[in-house]
Amino acid sequence: MPELPEVETTCCGIRPFIEDQRITKITVRNYKLRWPIPTNIADILTGQQIHTVKRRAKYLLFQCDTGTLIIHLGMSGSLRILDSTDNVEKHDHVDIVVDNGYVLRFTDPRRFGAILWTEQPIDQYKLLRHLGPEPLSIDFDADYLSQQSQSRKTSIKTFIMDGRIVVGVGNIYANEALFLAGIHPKTLTGKMSLNQCEKLVSAIKNVLTKAIAAGGTTLKDFRKSDGKPGYFAQQLHVYGRKEKPCSICGTVIQHYQASQRATYFCPNCQRHK
DNA sequence: ACATTGACCTGGGAGC
DNA sequence: TGCTCCCAGGTCAATG
């Protein structure tokens, strides 16, 4: 589910309640996520202080005294701040209680999420080591995208969803960014002009920034840390709009499957070049 | 080295 | 009402 804007929204939402707090209790109700939660996680973390709460790609990173707690929301995960551990529901897998009394609760129906622990420097950790630049950083620009795209042989949509190229762009925002840039999703990366790369980089930064401002996109499961949905779904131009008219030109939005991912585009606004 | 596919899970909606 | 099938925001690991 959550792409960069949803993870960023979560990060900013929980930070004021969690940063600088000490962990007083951890309850794990189900250890089986994408990878098993370390069985000794409560022993390791109880009593440790959380110094910072940060986001890298779609990972949430909690820098503690002796290492980093890593949380990924997978497809259906969310983290909420609660003021008690009451009303535990079916998919509420983990509670982290801190000494101001608040509870950070991890909920994830599909259990594609992950909760891990490492004592390594975080950028050397296996899952983060090969990640590309943050899309909202100055390192992600048209020259970079153009340079990376030359040697590769795949579609531009697959390319911008590859975390080794740029992080945080999932299926929703890949569709939206290509629409905003006027680029057909099947365009081969090697055929991208520098001008197209410029348009695409701006479109990615633009759509992610606006989605963060709206609190992310809630299609189904995503909840902000206060339990409310994000409102960016109202601003989607193509994602999920199969057979509806394009909001710009009225042409019917087309749809196809590409490596098991739904792809949506306007055949008029996004012509093959 | 790169590109593609399968796998991991649950729940909701469509269609019969 | 109930069953079956298909689909969903991610991404690693295995395969070609």
Side-chain angles (χ1 to χ4, degrees), chain A residues 1-11 29-37 55-60 70-79 89-94 106-116 118 125-132 135 148-178 185-190 204 207-208 211-212 214-224 229-236 238-243 255-264:
Chain A
M1 77 103 188
E3 302 184 34
L4 185 145
E6 293 72 38
V7 181
E8 181 66 17
T9 297
T10 299
C11 187
R29 302 185 191 84
N30 191 344
Y31 285 86
K32 288 187 284 186
L33 299 181
R34 163 137 205 205
W35 294 283
I37 298 173
R55 179 191 60 74
R56 167 74 174 116
K58 295 170 191 165
Y59 295 95
L60 287 160
I70 300 159
I71 300 185
H72 195 289
L73 301 176
M75 288 279 264
S76 60
S78 59
L79 279 172
E89 300 195 65
K90 192 172 175 186
H91 305 294
D92 295 340
H93 306 310
V94 178
F106 176 81
T107 304
D108 185 8
R110 292 179 69 183
R111 290 190 280 115
F112 285 178
I115 298 184
L116 299 165
T118 184
Y125 183 68
K126 190 182 170 198
L127 296 176
L128 304 193
R129 204 183 328 171
H130 298 112
L131 294 176
Q148 292 293 313
S149 63
Q150 293 313 310
S151 57
R152 305 290 286 297
K153 209 160 110 184
T154 188
S155 71
I156 190 62
K157 182 176 180 237
T158 303
F159 191 66
I160 59 172
M161 290 178 69
D162 183 341
R164 292 166 302 184
I165 303 303
V166 60
V167 301
V169 182
N171 200 33
I172 295 178
Y173 300 112
N175 278 291
E176 294 299 308
L178 287 164
K186 280 185 178 166
T187 305
L188 294 175
T189 53
I204 289 170
V207 71
L208 294 178
I212 292 168
T217 300
T218 296
L219 295 178
K220 185 176 155 47
D221 300 296
F222 177 65
R223 288 295 176 273
K224 297 189 291 173
Y231 294 110
F232 195 71
Q234 297 165 14
Q235 297 179 54
L236 297 176
V238 287
Y239 183 86
R241 301 195 67 247
K242 176 167 67 158
E243 279 157 39
H255 166 268
Y256 66 93
Q257 291 286 130
S259 52
Q260 300 147 347
R261 302 310 267 232
T263 304
Y264 303 87

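Chain letters run A, B, ... following the sequence lines, proteins first, then strands; residues in each count from 1.
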Consider the side chain of [X], meaning its heavy atoms from C-beta on, and name the nucleotide among [options] that approaches it most closely.
| X | options | answer |
| --- | --- | --- |
| A/Arg111 | C/dG9, B/dT4, B/dC9 | B/dC9 |
| A/Gln257 | C/dG10, C/dA8, B/dA3 | C/dA8 |
| A/Lys90 | C/dG9, B/dG11, C/dG10 | B/dG11 |

Does [X] have a side-chain nitrogen or oxygen under 4.0 Å from the phosphate oxygens OP1 or OP2 of [N]?
| X | N | result |
| --- | --- | --- |
| A/Thr154 | B/dC2 | no |
| A/Lys58 | C/dG10 | yes |
| A/Arg164 | C/dT11 | no |
| A/Arg34 | B/dC8 | no |
| A/His91 | B/dT10 | no |
| A/Arg261 | C/dG9 | yes |
| A/His130 | C/dC12 | no |
| A/Lys126 | C/dC12 | no |

Next item on the list: Could you let me know what C/dC12 is paired to, Watson-Crick or G-U wobble, both distances under 3.5 Å, or none if it's on its own?
Entry: B/dG6

Next item on the list: Find which nucleotide of DNA chain B each of A/Lys32 and A/Lys220 is nearest to by heavy atoms, and output the residue with the more 5' nucleotide.
Entry: A/Lys32

Item checked: Earlier contact from the 5' end, DNA chain B, for A/Arg110 and A/Gln260 -> A/Gln260

Would you classify [X] as touching base, sugar-phosphate or nothing, given that sugar-phosphate means primed atoms plus P, OP1 and OP2, and contacts are heavy atoms under 4.0 Å?
| X | result |
| --- | --- |
| A/Phe159 | nothing |
| A/Leu127 | sugar-phosphate |
| A/Tyr239 | sugar-phosphate |

Item checked: Between C1' of C/dT11 and CE of A/Met75, the distance in whole Å -> 10 Å

Item checked: Nearest-angstrom distance, P atom, B/dA3 to C/dG9 -> 22 Å

Margin query: Going by centres under 5.5 angstrom and planes under 30 degrees, do the aromatic ring of A/Phe112 and the base ring of C/dG10 stack?
Written below: yes

Note to self: Exactly one of A/Tyr173, A/Tyr231, A/Tyr239 should register a side chain to side chain donor-acceptor pair (under 3.5 Å) with A/Thr217. Which one does?
What the structure shows: A/Tyr173

Check: Does A/Arg129 CZ have over 12 foreign heavy atoms under 6.0 Å away?
Finding: yes

